[in-house]
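Taking it in order: structure first as structure tokens, then the write-up.
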Protein chains: 2
Amino acid sequence: MAKAKRNTGCPIAYSLDVIGDKWSLIIIRDMLMRGKDTYGEFLAAEEGIATNILSDRLRHLCAEGIIEKRRDPDNKKRILYSLTEKGLDLAPLILDMVVWSYHHDANTRASRAMVERIENDRAGLLKELRQKGRARASQPRRS
Amino acid sequence: MAKAKRNTGCPIAYSLDVIGDKWSLIIIRDMLMRGKDTYGEFLAAEEGIATNILSDRLRHLCAEGIIEKRRDPDNKKRILYSLTEKGLDLAPLILDMVVWSYHHDANTRASRAMVERIENDRAGLLKELRQKGRARASQPRRS
DNA sequence: TAAATCAATTGCAAAATGCAAGCAAAAAAT
DNA sequence: ATTTTTTGCTTGCATTTTGCAATTGATTTA
């Protein structure tokens with residue numbers, strides 16, 4: 001994907017260079033909000049990502065240190081993907097998108113309950129998402 | 001740009017369909033954080049957007065109700081662009097990108113002071129950005 | 001060893017982006 | 001009134017990215 005990094009030091013430009021394509025945040029959403037962790041599960045998303053794009057994005061997200069891959073210890077022909085701390089730190093962004101779309105997309109399927117939780121207990125929800133994400137990773141924790 | 005809307009109702013997919021390209025958020029950043037409001041100013045951004053892309057994105061953002069255009073009353077050969085309420089509602093997203101990049105981009109130019117303000121006085125900063133944005137718009141307020 | 005499962009690559013078409021040049025409308029200068 | 005300048009935008013074409021269908025590779029299970 002996006003080969004050309006703008007590299008201006010601007011945080012918005014950096015974010016867009018790293019996750020500013022049509023698919024990366026869909027994958028991250030699936031991992032963070034829907035507990036998905038395999039290639040096959042990402043492929044089955046209703047948005048319909050192509051196999052080559054998915055492969056490319058997973059590689060890219062690994063290279064950027066946003067996700068990690070390892071073999072499933074239980075089903076050894078499966079590869080498990082999990083969010084790193086850097087990936088988990090994207091949770092606020094995802095939640096903001098939910099709120100924004102809820103208010104401005106007439107066709108949204110975001111639930112009122114979720115939006116109220118985000119607005120009233122943002123910190124608690126973020127903590128919960130982080131814990132679930134860490135549990136899936138089962139990597140050495142750095143904190 | 002992005003002709004194909006996924007239209008699944010998912011808030012993340014909606015956000016990506018509307019502002020998920022390489023340039024839209026750069027323009028919105030310039031308007032929200034840097035007070036820019038003309039084509040020429042956007043064109044001069046250090047990231048170097050091409051004229052046709054800029055034109056296309058401004059048209060698209062207008063069509064999506066994120067920005068509005070009008071002639072400058074003072075310098076009538078100028079066209080002024082301003083954020084709508086829908087556009088101003090993207091401020092939280094922008095701030096989260098600043099925080100994320102600050103923590104994860106070794107090369108970031110985001111200032112520590114700004115990040116601390118975002119983390120300690122998010123609500124106040126958002127209010128301030130909204131007021132400045134509204135002042136630039138000088139449209140009838142809806143609230 | 002053979003079959004099944006899961007992940008990923010390849011080839012080609014379509015779409016988006018980038019670049020250089022030029023056009024158009026309004027205002028300012030002459 | 002005509003020319004010049006400013007500002008915003010379009011066009012043509014090359015490059016890059018994305019999308020789709022088919023296929024390949026690697027590992028596990030039978």
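Numbers restart at 1 for each chain; the letters A, B, ... are given by sequence-line order, proteins then strands. Since the structure is predicted, the reported quantities are computational estimates derived from the model, not experimental observations.
- For B/Asp72, the salt bridge (Lys or Arg N to Asp or Glu O under 4.0 Å) criterion is met by no residue, not counting sequence neighbours.
- In this model, the phosphate group of D/dT10 is approached by a side-chain N or O of B/Arg59 to a distance below 4.0 Å at OP1 or OP2.
- Separating the CG atom of B/Leu58 from the C1' atom of D/dT10 is a distance of 14 Å, rounded to the nearest angstrom.
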Anything under 3.5 Å between a protein N or O and an N or O of nucleotides 27-29 of chain C, put it in a table, one pair a line.
none

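- When the C1' atom of C/dC6 is taken as reference, atom CG of A/Asp72 falls 12 Å away, rounded to whole Å.
- In this structure, B/Lys69 places its NZ atom 10 Å from P of D/dG8, rounding to the nearest Å.
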* With side chain to side chain contact (heavy atoms under 4.5 Å, CB included) as the test, would you mind laying out the steps for B/Ile27 and B/Tyr81 before giving the verdict? => CA-CA 10 Å; B/Ile27 296 169; B/Tyr81 294 91; over 6 Å; no

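- Distances shown here put a side-chain N or O of A/Trp23 below 4.0 Å from the OP1 or OP2 atom of D/dG19.
- Checked against salt bridge (Lys or Arg N to Asp or Glu O under 4.0 Å), A/Arg109 has the following partners two or more places apart in sequence or in another chain: A/Glu46.
- In terms of the salt bridge (Lys or Arg N to Asp or Glu O under 4.0 Å) criterion, residue partners of A/Lys132 (sequence neighbours excluded) are, by chain and number, A/Glu128.
- In this structure, CG of B/Leu43 is placed 14 Å from P of D/dT10, rounded to the nearest angstrom.
- Look at A/Arg122 and B/Asp96 and you find a salt bridge, because one of the NZ, NE, NH1 or NH2 atoms lies within 4.0 Å of a carboxylate O, short of that distance.
- Distance CG (B/Asp56) to P (D/dG12): 16 Å, rounded to an integer number of Å.
- Within residues 45-53 of chain B, the residues having any heavy atom under 4.0 Å from DNA chain D are, by residue number, B/Thr51, B/Asn52.
- Every ring pair (Phe, Tyr, Trp, His ring centres under 6.0 Å) that A/Trp100 has, sequence neighbours left out, goes to A/His104, B/Tyr14.
- Residue B/Ser55 places at least one side-chain N or O under 4.0 Å from the OP1 or OP2 atom of D/dT10.
- Here the C1' atom of nucleotide C/dA7 and the CG atom of A/Leu80 are 13 Å apart, to the nearest Å.
- At a threshold of 4.0 angstrom between heavy atoms, the contacts of B/Tyr81 are confined to the sugar-phosphate backbone, with no base atom among them.
- A close approach under 4.0 Å does not occur between any side-chain nitrogen or oxygen of A/Arg78 and OP1 or OP2 of D/dT27.
- Atom C1' of nucleotide D/dG8 and atom CZ of B/Arg70 are separated by 16 Å, given to the nearest angstrom.
- Protein atom CD1 of A/Ile79 is 9 Å distant from nucleotide atom P of D/dT27, rounded to whole Å.
- Under the side-chain hydrogen bond (donor to acceptor under 3.5 Å, both in side chains) criterion, B/Glu119 pairs with B/His103, sequence neighbours left out.
- Judged as a salt bridge (Lys or Arg N to Asp or Glu O under 4.0 Å), and not counting sequence neighbours, A/Glu41 has no contacts.
- Taking A/Ser15 as the reference, B/Ser101 meet the side-chain hydrogen bond (donor to acceptor under 3.5 Å, both in side chains) condition, with sequence neighbours excluded.
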